[in-house]
Undergrad: 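My questions will all concern the structure given below.
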Amino acid sequence: MVSRQSQFTLFQSRLRSALQSCLVISLLIATQSSLYAASVTASLNKNVVTENSLVQLTLRADFSDTGNGPELSPLQKDFEILGKSQNSQFSFNLGTSKALNFWVISLMPKSVGTLEIPPIKIGDHQSQAIKLQVNSAPQLLDDNGNPPVIMKLQASNVEPYLQQQVILSVKLYTSVALQNANRSVPAQPNLVIERLIDDQMNYETINGTQYQVITREYLSFPQRSGPMTIPPQSVQAMINTSSGRKLIKVQSEPLNLQVLPIPASYTADSWLPSEEVAISTKLTAATDTPRIGDTLMWEINVRAKGSLPEQIPTLDFNSTRQYKLYPQPPKFSNQKTIIGVTGEQNIQVEVVPTAEGELILPDIDITYWNTKTRQIAHAKAKTQGVTIAALPTGQITPTKPDIDTSPLPAQPSSTAPISLVKKPEPAKAATLGDQASMASALEQQESTSLSPRDWVIYALLTVAGLLLIAGLYKRFKKSETDLPTETSVPTLQEFAPLSTPDEASAFNILIQCCRQNQLSELRANLLEWARHRWGDHEIRTLDDIKRLTSVQVTQLLMEAELMMYSNNPLHEWQGNPLADALEEYSSGQAKPSQASQLKALYPNF
């Protein structure tokens, strides 16, 4: 009895030991499993920072399959991501290995207050959210009470006229070294802006603090009248302070402009605002004694201070019965200095005199609006005349009383000048002595009586000559009828046929092109409509359309042409003003809402 009880007690103790061992093993397995569970952990190097201070976010992934790394796009709402680094580690425990991946992200808070680091996803797992307190930082000042960085935005004229030159100056004052500086660029939808010259640097002392001043200047042209605001200009950079590196953001005050419309007193067809317009002309001949039919070169140079060369109006050249004019396309150029731009047009006109005497060309007169005196002005130039000699002896020369100096229709620029001096034909190049001898021979022949034999010979020769002439004529007519059609010169309609049935259809397509801002198709649609309206004999290029339409359409076409060659992505062509102007021109009824508005002339160069 006692033996059985002792055996039972021993069995219970052994069973209890086995259960305890199983429990310990289960706890070890559970602990090992929880220790190496896949997870993402996020932490900050500090939970309270001041504005414009950096904070570092550390992400740890306790697994190897991290995919493309952490998805940081949720951070961009409240933070600027300034940098990211990655590190990997491996741990070994109880014969097993584990990969640990770390990412350190440098963040800059965008605002003040309590911000949240949202959960960051890595692979199939994500971290927990973290709170960050951002406090306002006191203004950073030096020992003299001055900020280390100042930015100013200034304009050469706050009340410019429409399309008048305005120089924008952005000045950056720094008393400390800037690292990784990022400056903004002036932009305004109704202002065409481009860099004028390279940055200028000087030094200036303000309230006891010496600043390095970097001035960056821009050339701008307002495209709409009325009030206009240029947004503040800013700079962002890292600087070294006594408490460490800090990111600073400084911006200027906004700049307000009041753009004046075209004055009512300005009556010229083309609007040209300029500080000064100067014209120089020169007429030169290839020889010291030019004659009728020789080609002379008339060079005209127009310079407009404070304007682009495209703003200078197109000159008209009309021939008369005293001379023929053949203008070549003008050449554009501009000069940029610290005081602005000067546009220049150089025009060369080939002149062919058609009468002897003094050759007097018309005066050049350009009307413009003087932006200094704020009144209408004229630039004029007179070309010195040249004496034209008569044709050589034996040539037919028109007498001076028959000369009519009234202007003829303007010659197309593509027409090449031709010489009016005709070369003598070989049959007419005989000398007076030869002519006298031929006359005496004829008289002797007429006075000599002809024999019957001579009459027969002359008759046979005459018949043979007539037969030869008839054969040559028949052969010529046959070759003319057999000439292939490919050798004929095609007309403009055959070379570039119209794709629309009538003017109304072409006009509707043109208006739709403008409304949809399709600049690439504008030129073809314009020429299509113009050829329907005026015919192929009048329309060759867009310049012909400018010549035949209104001033407002001409200005807008100039803008469109310049936009075609613009590289500035900040400005896109808007075709609604051109569509309105074309509709006004076609209907003859002005739209009140556009009475004082002109579309932009210049894109960004």
Side-chain angles (χ1 to χ4, degrees), residues 277-304 309 312-333 335 343-366 378-436 540-541 543-544 547:
V277 176
I279 307 174
S280 61
T281 66
K282 183 180 180 182
L283 181 62
T284 57
T287 61
D288 294 337
T289 57
R291 299 179 181 275
I292 296 175
D294 291 348
T295 300
L296 290 75
M297 188 60 66
W298 185 19
E299 184 174 354
I300 304 170
N301 183 271
V302 184
R303 293 171 58 89
I312 301 174
T314 304
L315 300 178
D316 293 330
F317 298 97
N318 294 328
S319 299
T320 69
R321 289 178 173 81
Q322 191 177 8
Y323 52 80
K324 300 291 184 181
L325 300 180
Y326 303 93
Q328 300 177 3
K331 297 180 180 179
F332 295 160
S333 63
Q335 298 177 357
E344 183 174 351
Q345 269 195 24
N346 188 273
I347 307 169
Q348 290 188 342
V349 182
E350 294 180 339
V351 183
V352 179
T354 57
E356 63 175 307
E358 189 73 12
L359 175 61
I360 303 296
L361 295 174
D363 297 343
I364 304 298
D365 187 352
I366 295 179
H378 292 269
K380 298 181 180 181
K382 186 178 182 63
T383 307
Q384 185 176 0
V386 174
T387 302
I388 303 300
L391 294 173
T393 304
Q395 304 289 333
I396 301 176
T397 306
T399 58
K400 193 170 183 179
D402 295 333
I403 295 177
D404 186 358
T405 59
S406 59
L408 294 174
Q411 301 295 317
S413 57
S414 60
T415 304
I418 57 175
S419 176
L420 299 181
V421 179
K422 298 181 180 179
K423 296 182 179 180
E425 300 177 1
K428 297 182 180 180
T431 61
L432 295 177
D434 295 336
Q435 294 177 359
R540 291 293 186 273
T541 64
D543 290 335
D544 297 327
R547 173 173 55 86

Undergrad: Does any non-hydrogen side-chain atom of Y323 lie less than 4.5 Å from one of I388?
TA: no

Undergrad: How close do D294 and P353 get, heavy atom to heavy atom, and via which atoms?
TA: O-CD, 3.0 Å

Undergrad: CD1/I347 to NZ/K331 distance, rounded to the nearest 0.5 angstrom?
TA: 12.0 Å

Undergrad: For L359 and L283: C-alpha separation, side-chain torsions, deciding distance, then whether side-chain contact (heavy atoms from CB on, under 4.5 Å) applies.
TA: CA-CA 10 Å; L359 175 61; L283 181 62; 4.1 Å; yes

Undergrad: Taking C-beta and beyond as the side chain, do I366 and L315 meet within less than 4.5 Å on heavy atoms?
TA: yes

Undergrad: Taking C-beta and beyond as the side chain, do Q345 and F332 meet within less than 4.5 Å on heavy atoms?
TA: yes

Undergrad: When you compare the side chain of E350 with that of T295, does any pair of heavy atoms fall below 4.5 Å?
TA: yes

Undergrad: Can you name the residues that form a salt bridge (charged side-chain N to carboxylate O under 4.0 Å, His left out) with K282, not counting sequence neighbours?
TA: none

Undergrad: What's the shortest heavy-atom distance between T387 and P290, and which atoms?
TA: O-CG, 3.7 Å

Undergrad: How long is the gap from CD on E344 to OG on S333, to the nearest 0.5 Å?
TA: 4.0 Å

Undergrad: Just verifying a value: how many Å separate T314 OG1 and D543 CG, rounded to the nearest 0.5 Å?
TA: 6.5 Å

Undergrad: Does any part of the side chain of L325, heavy atoms only, come nearer than 4.5 Å to the side chain of V351, both counted from C-beta?
TA: yes

Undergrad: Do you know which two heavy atoms are closest between A379 and I279, and how far apart they sit?
TA: O-CD1, 3.3 Å

Undergrad: Hey, what do you get for CD1 (I300) to CD (Q348), rounding to the nearest 0.5 Å?
TA: 10.0 Å

Undergrad: Of T281, N346, T284, which is the lone residue that meets side-chain hydrogen bond (donor to acceptor under 3.5 Å, both in side chains) with E299?
TA: N346

Undergrad: Going by the rule salt bridge (charged side-chain N to carboxylate O under 4.0 Å, His left out), which residues pair with D365 if we only count those two or more places apart in sequence or in a different chain?
TA: none

Undergrad: Nearest 0.5 Å, please: how far is CD1 in I292 from CD in Q322?
TA: 10.0 Å

Undergrad: Say you draw a straight line from OG1 of T320 to CD1 of I360; how long is it, rounded to the nearest 0.5 Å?
TA: 11.5 Å

